[in-house]
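As the structure is a prediction and not an experimental result, all values here were calculated from the model. The sequence lines fix the lettering, A, B, ..., with proteins before strands; numbering per chain opens at 1. Atoms considered below: every heavy atom in the structure, side chains included; atoms not considered: hydrogens, waters and symmetry mates.
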Amino acid sequence: MSRLTGSTVLRGVAGVTGLLVVLEAAGRTGLLDTTYLPLASTVLARAGELAVDPEFLADAGASVEAWFWALALTVALAVPAGLLLGVARPAEVAVRPLVEFLRPIPSVALIPLAILLFQDQMHMRMSVAVYAATWPVLINTIYGVRDVDPLAKETLRSFGFGPAAVVLRVVLPSAAPFIALGVRLAASVAIILVVTAEVVAGGTGGVGVFINRAGSGNRVDQMMAATAWVGLFGIAVNALLVGAEKRLFRWHHTRTAGVS
Amino acid sequence: MLELVDLSHSYGSYRAIDKVNLTVAQGEVVCVVGPSGCGKSTLLRSIAGLIKPTGGRVLLDGRPVRSTPDNLAVVFQDYSRSLYPWLSALANVSLPLRRKGLDRRAREDAAMAALTEVGLAAAAGKYPWEMSGGMQQRVSIARALAYRPSLLLMDEPFGSVDAQTREELEDLVLRVCAHHGMTILLITHDVDESVYVGDRVVVLSKAPGHVVGDLPVDLPGPRDQIRTRELDAFVRLRAEVGRMVRGRHNNHELETM
């Protein structure tokens, strides 16, 4: 992970601005048909309007709610499961084939099944997101736990601490940076899956539903503006989690980077 | 208080230690010296109940050691891996004190006192990765001392500090342990140190390690870094231990010369 300095931020902003300018120019010179692909400035203006549009905000709220609970449920399930599988080698060996079978199944393919299983559309969206988001958290937790220095565990054991205390006081904190990385990946995956489930399955409420509605009304500008908000939300969540990781796990980054 | 009876351990077909017999009395400071790879760390881990020896018995106060005994602390050779990088020096030292049922305040007071003893009071808030190797080693010694174990096991505890600090720490450990009646089993490859620190020096052979010498150290206490080391008895004993440790090497050298 590269350090976030003033100049890297500046370059990122320059890149985005450059793309917007090119798109704007392409639209204005007639290179792109603005009935199919609206001007960048139009989309930006629409995005600004959506920020204060109660209808869009209600949809966005529903999506964020589904995303948040999906991520919370993922952490609540995958972290304990990963701890268990990381500590108990035989259990991990027994479960591995199942994990390797389930993991490559695209969550999107499970949406029809989820629709049948869950009456509540919120639960349906969450279930699909949890399914996809579980894997990065589970796998990272298992590897984080396995990466714990045996001497660190022995040290606590030598002071007479039992296995539960060793897991709580050594294994968990030691694996925490890996778990946090898994959660960050899961946060992005969950956003994708919640919106996908909304777009594919429809229903009421949700950014995906808003995008569908805008599409059937031929409001490409609104579609793109809503999509841009989803992307911005993803960037904000990622930045927030990266910041938290840097603060909490300074000891880890210092060691892995080899500087003090 | 500690008794090893025919203690043996093999890793697969590799025999690390072979029928080690050793008795350590309450309050005694016993140094174990031996060439590298004589199974010193295996010996220590067996006593601490961290590994299950494949043969023989470890008795602590007459009872066989099955899991890690209470009132035991270990200072590992690899101090940097033994300290927790997510905890400050103070938190590292106070963590094991949870086993003593002390409240947070009492734990921190005891940890601070131990850090002060090893000369790290000012660095209590620092993290291990902000410290030099010698400082980290002193934190791990402070952690063991704060725990006030009845048996203290030390594996090359003064390995990576400068000579001056090393002498200070040797004296400090002796002083604190004598004051609290701790029994020490100290593993070292340093012959000089074993004679200076120990009430007894036990010499292990090359792997598979077994006891080839058990010498009482008849030197007046309390020890003094300058005066003790210039005593004739110290010099004689050091030479004797040295010959035992390097015995085979010397013969070998003579043959090839």
Side-chain angles (χ1 to χ4, degrees), chain A residues 1 3 79 83 86-87 89 140-141 143-183 241-260, chain B residues 41 44-51 60 65 67-89 91-101 126-133 135-136 139-140 143-155:
Chain A
M1 178 89 18
R3 268 166 49 100
V79 171
L83 275 177
V87 173
R89 208 59 183 262
N140 268 282
T141 305
Y143 280 113
V145 167
R146 225 183 270 162
D147 198 57
V148 177
D149 194 323
L151 190 64
K153 288 188 274 186
E154 274 192 334
T155 300
L156 209 63
R157 279 175 56 206
S158 74
F159 284 108
F161 285 80
V166 171
V167 168
L168 182 71
R169 306 208 176 276
V170 179
V171 176
L172 199 56
S174 186
F178 295 91
I179 297 173
L181 174 62
V183 171
L241 292 177
V242 167
E245 283 172 46
K246 278 192 176 154
R247 276 180 79 90
L248 286 171
F249 308 126
R250 206 152 59 93
W251 58 270
H252 180 74
H253 298 295
T254 312
R255 275 208 309 184
T256 47
V259 284
S260 61
Chain B
S41 297
L44 183 132
R45 282 185 160 74
S46 301
I47 298 170
L50 293 171
I51 55 173
L60 202 60
V65 168
S67 59
T68 308
D70 274 332
N71 283 324
L72 176 139
V74 183
V75 176
F76 288 98
Q77 180 175 13
D78 215 336
Y79 51 86
S80 65
R81 288 167 51 210
S82 166
L83 293 175
Y84 301 120
W86 55 88
L87 296 178
S88 68
N92 261 290
V93 175
S94 62
L95 174 60
L97 302 177
R98 286 177 175 275
R99 288 274 302 156
K100 303 259 167 185
K126 282 198 174 186
Y127 288 84
W129 39 272
E130 295 175 314
M131 297 178 161
S132 68
M135 285 168 87
Q136 291 179 25
V139 174
S140 69
R143 179 168 63 183
L145 291 178
Y147 193 69
R148 301 266 182 265
S150 43
L151 177 62
L152 176 59
L153 303 175
M154 305 178 102
D155 190 359

Legend entry - Residue pair A/Thr155 / B/Ser82, side-chain donor-acceptor N/O under 3.5 Å: yes
Inset, instruction - Let me know if B/Leu153 has heavy atoms under 4.5 Å from chain A in its side chain, its backbone, both or neither. - result: neither
Legend entry - Contact leader toward chain A among B/Pro96, B/Gly49, B/Pro128, where contacts are heavy-atom pairs under 4.5 Å: B/Pro96
Legend entry - Note, A/Arg250 side chain near B/Trp129 side chain (heavy atom, < 4.5 Å): yes
Inset, instruction - Tell me, for A/Leu156 versus chain B, whether the close heavy atoms (under 4.5 Å) come from the side chain, the backbone, both or neither. - result: both
Inset, instruction - Output the distance between atom OG (A/Ser174) and atom CH2 (A/Trp251), rounded to the nearest 0.5 Å. - result: 5.0 Å
Inset, instruction - Check whether more than 12 heavy atoms from other residues, nucleotides or ligands sit under 6.0 Å from atom NZ of B/Lys126, and answer yes or no. - result: no
